[in-house]
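Shown next, in structure tokens, is the structure this report addresses.
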Amino acid sequence: MKNWRRTRTCGELNSESIGESVVLNGWVHARRDHGGIYFVDLRDRYGITQLVLGGNISEAVKLSAEDVIAVRGKVVARDESNVNKQRPTGWIEIDVEELEILSKSLTPPFEVSGGDEPAVETRLRYRYIDLRRESMQKNILHRAKFISAMRRAFDDEGFCDIETPILTKATPEGARDYLVPSRVHPGSFYALPQSPQIFKQILQVSGFDRYYQVARCFRDEDLRADRQPDFTQLDMEMSFVEEEDIYGVWERILVRTFRDAMGLELSAPFQRMRYDEAMERFGSDKPDLRFDLELKDVADWARKSDFGVFRGALDSGGRVMGLCLPGGAKLSRKEITALEVVVKEYGAKGLAWWKASADGGAGPLARFCAGNLAGDLMALVGAAEGDLCLFVADRQDTVRRSLGELRRHLAAAPHAGVARREGWAFLWVTHFPMFERDEEAERWVSLHHPFTAPENWEFWKEGDGDLSCIASRAYDLVANGWELGSGSIRIHRADVQAKVFEVLGIEADEAQEKFGFLLEALSFGAPPHGGFALGLDRVTALTAGLDNIRDIIAFPKTTSAMDLMCVAPSPVPLGQLEEVHIRPAGRALVRAFETTAPEPSTEASSGSSRV
RNA sequence: GGGGACGUAGCUCAAUUGGUUAGAGUACCGGCCUGUCACGCCGGGGGUUGCGGGUUCAAGUCCCGUCGUCCUCGCCA
């Protein structure tokens, strides 16, 4: 038996290795048959090395793409004319003496080397092959490097890595839980954690004053480009701290992580901005600060003008705001109409536009810009000649949201020509509202979560009424328009926590049943504490230059939460359901019977069929 | 749950107004080639046009339904 274990990898051999005898293992990336001489690009995680196989290697002709092979040979220099400067290993090649095929490959469903990128569906079905592609190797390695650097930073800051349960308790608030039936306790269910929130608070009560964890979190909600049903957070919590302590730790850690993982220098401290200011200036709680296009209040102008739509919005308690696109007067009517579609998607009834000029300008608003009104409007929105001004009049939240989305849209549209600053625009968005009105359920709900401390608690202690003006001690970290994470200073007194549950309409006995253990823990001497969780899928996707977190996750799910490789979720036999005391109904029952029923005689072919 | 886009060879795509035997590149198979690295040259196989129904003399193309993928609104403490 020959020893075919590799002595070197495919990425490390260069001119200094000439003359060395080596054994290489790897995948056949490409092969070129010249009749009598045969070239193979051998690939592993570390690189690609060219093998030269002469007529003495009879197995050479049997090789096909993605076979796994081992070769023994000598590192030799290439002639000057044969050097491949595209590759680090391009100055050498392996003069192969012996070859062993370790494992044959079927014809791959798509090409690992070059070629067009296959459809997402195909890539996910054959994820193990997709992950061989250079871009995916790069993404996955970036993620590993980033998270590893961040772990080291937390360790060095004195944080303690503590695991928390995956099988835990269902929570009434927030996202829909993934449920796990209990076999031992008929009719009872575990839930997968939406986050380790309660456990990390309890760890503070236990005295672990600096906790962190790379935590899997689960939320049974619909997916987006930046949302997967199971995702990963860098979760942390600290005791005896206030907001600035949390910001400071994270700024140090992120500066270090960016430096160690990417060689980039972030500038810290990051900007801080209150939620109200972010909403008023940018129409978003995650503003992208790499470009301007700020929203401007034009109520003063609207009151002076005769434009009924604007005045009507003001009279009914709404707002009139606009933004100015520098040089935007060159946009065609068709292009402007397309912008109106954008704001309408977010509830605006229309988009008023005006090509700014002191002599009255052009567009639907021009006839309301006689005399000084044109100059007044230009001053209010900060417009110059040749700029395009865009306005929405509506309820405040509609005005802000639609213009905020329009701002994002314009910045992304090449023809709008919005100037964008390079680099990383990090900021802390602070003082989120404590509560939000759920109009449908006619009750107040937590904007963040019910354990968040209120900022101005005394103010509303008195009575009920409008709670929307109460600020919380919650904060988000935003970079380049992405919400990367959020956190808050928590309530550390059981009586305050009980009061918040009361406001949220969670009855005392319900609170006791759902969160009693937390309330109890808080009543045994809880330190003031707070924390934060960073979305690792998002931050690594963003720093890898991706616009979808799917490509930074080894085994992601589709928009309908399917794993196309495993084909999960999948039906289970009725017997397995009975064991956990579940009886399916309706369509689920039909599916369960199909799964349980013995296969007809076509069994042989059913192995390859997919549900 | 709603809206939009897409689904044709293993893969990436084309197919005019509904009209000939559904094409190309690549991959695959066979042959040739001793310096290629997107090797080249010659030849070949490969299609339930996602699935089901309908309209029509005729459907990849039009209509209805359905399944899947992607984006998105709602949703996501």
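Proteins get letters first, then strands, A, B, ... in listed order; numbering begins at 1 in each. Basis for what follows: all heavy atoms, side chains included, without hydrogens, waters or symmetry-related copies.
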Mind checking A/Ile48 for me? I need base, sugar-phosphate or nothing, with any heavy atom below 4.0 Å counting as a touch. nothing
Give the ring-plane orientation class for A/His449 versus A/Phe451, where under 30° counts as parallel, over 60° as perpendicular and anything between as tilted. tilted
If you round to the nearest 0.5 Å, how far is CD of A/Glu520 from CZ of A/Phe515? 15.0 Å
From the options A/Tyr275, A/Trp250, A/Phe532, select the one residue that forms a ring-ring contact (aromatic ring centres under 6.0 Å, His included) with A/Trp428. A/Phe532
In terms of side-chain heavy atoms of A/Asp116, which of B/C28, B/U12, B/C33 is nearest? B/U12
State which of B/U36, B/U12, B/C28 makes the closest approach to the side chain of A/Ala119. B/U12
From A/Lys200, A/Arg490, A/Gln201, A/His492, residue fulfilling side chain to side chain donor-acceptor pair (under 3.5 Å) relative to A/His529: A/Gln201
For the residue pair A/Arg32 and A/Gln50, confirm or rule out a side-chain donor-acceptor distance under 3.5 Å. yes
Does A/Arg78 make a cation-pi contact with A/Trp91, if we ask for NZ or CZ under 6.0 Å from the ring centre and within 45° of the axis? no
Would you kindly compare A/Ile37 and A/Ser195 by the position of their nearest RNA chain B nucleotide and give the one closer to the 5′ end? A/Ile37
Distance in angstrom units between A/Asp41 CG and B/C37 C1', rounded: 6 Å
When the P atoms of B/U61 and B/U56 are considered, how many whole Å apart are they? 16 Å
P spacing across the pair B/C73 / B/G46, given as an integer number of angstrom: 47 Å
Please report the distance separating the P of B/A58 from the corresponding atom of B/A5, rounded so that it comes out in whole Å. 29 Å
Assess, by modelled atom type and distance only, whether the side chains of A/Arg274 and A/Thr430 contain a donor and an acceptor separated by less than 3.5 Å. no
Rounded C1' spacing from B/C41 to B/C71 in Å: 45 Å
Given the C1' atoms of B/G23 and B/G47, what is the spacing between them in whole Å? 11 Å
Tell me if the side-chain of A/Arg78 makes a donor-acceptor pair with the base of B/C37, cut-off 3.5 Å, by modelled atom types. yes
Would you measure the distance from the C1' atom in B/G53 across to the matching atom in B/A59 and give it in whole Å? 13 Å
Pick base, sugar-phosphate or nothing for A/Glu483, based on heavy-atom distances below 4.0 Å to the nucleic acid. nothing
Look at A/Arg32 and B/C39 and indicate whether a side-chain polar atom (N or O) is within less than 4.0 Å of OP1 or OP2. yes
Take atom C1' in B/G31 and the same atom in B/A14, then report the distance between them in whole Å. 30 Å
When we call it a touch if two heavy atoms are under 4.0 Å apart, what does A/Arg31 touch: a base, just sugar-phosphate, or nothing? sugar-phosphate
On RNA chain B, does the nearest nucleotide to A/Ala65 precede the nearest nucleotide to A/Phe39 from the 5' side, or the other way round? Give the residue. A/Ala65
Within the stacking criterion (centroid distance below 5.5 Å, interplanar angle below 30°), does A/Phe110 stack on B/C11? no
Reading 5' to 3' through nucleotides 67-76 of chain B, protein heavy-atom contacts under 4.0 Å coded B for base, S for sugar-phosphate only, - for none: -SSSSSBBBB
